[in-house]
Protein chains: 2
Amino acid sequence: MGQLKTAATERRSHQDFFNIAVSVDCVIFSYQDKALKVLLIKSDLKEFEGLYSLLGDLVGPDEDLEEAPYRVLQERTGLHDVYLEQVHTFGNIGRHPSGRVITTAYFSLVNSKSSNFQITHDDVSWHPVNSLKKLAFDHKIILDTCLKQLRDAVMEHPIVFNLLPEKFSLRELQDIYEAILGIELDRRNFRKRLMVKDWLVDLAEMEEDVPHRPGKLYKARPSLKKNGRAPLHIDQRLVV
Amino acid sequence: MGQLKTAATERRSHQDFFNIAVSVDCVIFSYQDKALKVLLIKSDLKEFEGLYSLLGDLVGPDEDLEEAPYRVLQERTGLHDVYLEQVHTFGNIGRHPSGRVITTAYFSLVNSKSSNFQITHDDVSWHPVNSLKKLAFDHKIILDTCLKQLRDAVMEHPIVFNLLPEKFSLRELQDIYEAILGIELDRRNFRKRLMVKDWLVDLAEMEEDVPHRPGKLYKARPSLKKNGRAPLHIDQRLVV
DNA sequence: GCAAAAGTGTTAATCTTACACCCATGC
DNA sequence: GCATGGGTGTAAGATTAACACTTTTGC
């Protein structure tokens with residue numbers, strides 16, 4: 001049992017190790033034209049010319065790790081009231097050509113039709129999640145990992161309502177689930193399973209101007225709207 | 001669309017950000033005396049005098065993130081053939097008094113009766129997971145998060161066999177599940193559920209020197225023994 | 001009246017849970 | 001023979017999966 005050292009002493013002895021950069025990367029999902037999309041930016045690194053990458057940024061020295069993806073989202077989309085979930089941290093030595101960067105991946109679900117939404121950069125655009133080939137860095141693996149976690153989360157937890165307008169029909173909701181899961185669902189079973197979860201409020205309104213029998217409109221139960229900002233180490237998907 | 005910059009250029013402009021240290025913390029679980037234990041070390045920081053902390057270390061500048069917990073495990077326990085799973089990354093500004101340190105938490109399951117096992121430091125010791133109060137840093141939260149993930153993982157994936165000797169009875173196995181989950185299980189249902197998973201090989205041997213009817217001995221199916229070293233972004237729990 | 005999607009219920013199969021008695025061993 | 005835990009099956013309930021016809025609207 002040696003001498004206790006102060007934190008200041010320890011910091012000095014470890015100075016050499018303060019040379020890994022920490023970033024976050026956001027897999028920002030949206031839903032458009034009946035497809036799951038992800039927001040990507042044209043890489044501005046020569047090494048990845050022509051490739052797209054996820055939206056990310058270095059974590060500031062005075063910024064909580066969990067704050068960083070909210071900042072990235074805000075900066076890139078204008079949105080702040082979003083669902084965000086930490087997925088995994090990637091830290092292989094060679095993953096970033098600029099130097100040693102480890103990155104924590106988050107996924108989020110945003111509504112690109114929200115009035116606050118705006119893309120502030122020409123090189124940022126939506127891409128269908130299927131039909132993505134190669135991305136810059138290890139971002140394809142990050143994307144795949146996040147998509148898998150999204151699929152695991154989505155039937156258990158009420159996280160998709162960000163993707164929809166305030167009022168929506170069950171058909172619209174089912175379309176989203178099908179797009180996310182990549183499979184078709186039985187309409188009757190889907191509705192039953194959903195009703196049991198008690199996530200929806202029946203608005204007693206109907207669709208209008210549809211060329212078929214109009215469906216009922218629903219909204220998400222207000223108590224589900226607590227998006228995102230609970231401490232991430234607590235399973236915020238359980239915050240119902 | 002501005003000029004493309006080289007990685008080298010980018011590195012220079014971000015130099016200021018290379019001042020966050022990255023660590024890993026290992027929640028090393030074991031099973032002794034019918035209880036789930038965790039390996040802790042007496043904190044050598046004055047700020048946490050008298051408290052215990054998880055075993056962790058800074059990630060080396062030339063070390064993959066995923067390598068670091070294996071190194072910590074090896075250094076602290078002599079073990080290398082272990083199950084390891086990344087859980088979450090914690091990065092609040094104030095979490096470490098020595099400076100800005102973000103940490104990625106892993107849990108592992110080790111057998112403290114393995115012939116390779118040895119603790120190389122006097123201040124390192126096993127503690128029952130229940131009856132833990134306060135730990136140094138945010139390590140109590142990290143521990144709780146890892147325990148939750150362990151509990152989620154354990155019924156779905158064959159990860160507990162590290163905790164047992166080569167040959168074991170179903171009772172021993174059930175005791176472990178009960179210790180991990182913190183609940184009692186029905187013997188018949190437990191056995192049925194387990195047999196369906198096809199994780200076990202019946203050794204056609206019996207316990208000896210027990211003061212009651214001897215139970216059959218089993219071992220883990222050899223193909224399950226691929227512990228740990230698959231890339232962590234792939235769900236290695238599925239590697240069966 | 002036709003096209004398009006909404007709405008709705010039942011059955012079979014599967015999975016989960018609860019539960020009790022006889023058996024093999026050491027002493 | 002008694003104490004200790006080993007080994008086993010069944011029935012009820014809950015959950016999931018498959019499946020088809022009638023209704024309402026716009027045109």
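Letters go in sequence order (proteins before strands), and every chain restarts at 1.
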Can you pull out the residues from residues 187-195 of chain B that lie within a 4.0 Å heavy-atom distance of DNA chain C?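 Only B:Arg188, B:Asn189, B:Lys192 qualify.
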Residue closer to the 5' end of DNA chain C, A:Met206 versus A:Pro211 (nearest nucleotide):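 Nearest-nucleotide comparison on DNA chain C picks A:Pro211.
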Spacing between [X] atom [atom1] and [N] atom [atom2], to the nearest angstrom:
X	N	atom1	atom2	answer
A:Phe168	C:dA6	CZ	C1'	16 Å
A:Leu217	C:dG7	CG	C1'	14 Å
B:Asp186	C:dA20	CG	P	11 Å
B:Glu207	C:dG26	CD	C1'	13 Å
B:Arg213	C:dA24	CZ	P	6 Å
B:Asp209	C:dG26	CG	C1'	10 Å
A:His212	C:dG1	NE2	C1'	18 Å

To the nearest 0.5 Å, what is the distance between CG (B:Leu217) and CG (B:Leu203)?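 The CG atom of B:Leu217 sits 6.5 Å away from the CG atom of B:Leu203.
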Compute the ring centroids of A:Tyr177 and A:Phe190, then answer whether they are less than 6.0 Å apart.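 Yes - the distance between ring centres of A:Tyr177 and A:Phe190 falls below the 6.0 Å cut-off.
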Does B:Arg71 pair with B:Glu75 as a salt bridge, N-O distance under 4.0 Å?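 Salt bridge: yes.
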Ionic contact status for B:Lys140 with B:Asp144, cut-off 4.0 Å: yes
Between which nucleotides of DNA chain D, read 5' to 3', does contact with chain A run, using atoms under 4.0 Å from its heavy atoms? D:dA17 to D:dG26
Quick one: bend of the helix from C:dG1-D:dC27 to C:dC27-D:dG1 from 5 pairs per end, to 10°?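 Inter-axis angle at the termini of the helix from C:dG1-D:dC27 to C:dC27-D:dG1: 0°.
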Could you walk me through whether A:Lys134 and A:Leu51 pass the side-chain contact (heavy atoms from CB on, under 4.5 Å) check? CA-CA 7 Å; A:Lys134 208 175 145 130; A:Leu51 294 182; 4.0 Å; yes
Could you go step by step and tell me if A:Tyr52 and A:Ser125 meet the side-chain contact (heavy atoms from CB on, under 4.5 Å) rule? CA-CA 10 Å; A:Tyr52 284 87; A:Ser125 52; 3.9 Å; yes
Identified side-chain contact (heavy atoms from CB on, under 4.5 Å) counterpart of B:Asp202 within the set B:Lys216, B:Met195, B:Lys219: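 When side-chain contact (heavy atoms from CB on, under 4.5 Å) is applied between B:Asp202 and each of B:Lys216, B:Met195, B:Lys219, only B:Lys216 qualifies.
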side-chain hydrogen bond (donor to acceptor under 3.5 Å, both in side chains) evaluation trace for B:Glu85 with B:Ser108: CA-CA 7 Å; B:Glu85 182 169 325; B:Ser108 66; over 6 Å; no
Does either side chain, that of B:Gln86 or that of B:Thr104, offer a donor lying less than 3.5 Å from an acceptor on the other one?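 Side chains of B:Gln86 and B:Thr104: no pair found under 3.5 Å.
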Does the side chain of A:Ser169 come under 3.5 Å of the side chain of A:Arg171 through a donor N or O and an acceptor N or O? no
Once the angle between the rings of A:Phe161 and A:Trp199 is folded into 0 to 90°, is it parallel (under 30°), tilted (30 to 60°) or perpendicular (over 60°)?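 Judged by the thresholds at 30° and 60°, the geometry between A:Phe161 and A:Trp199 is perpendicular.
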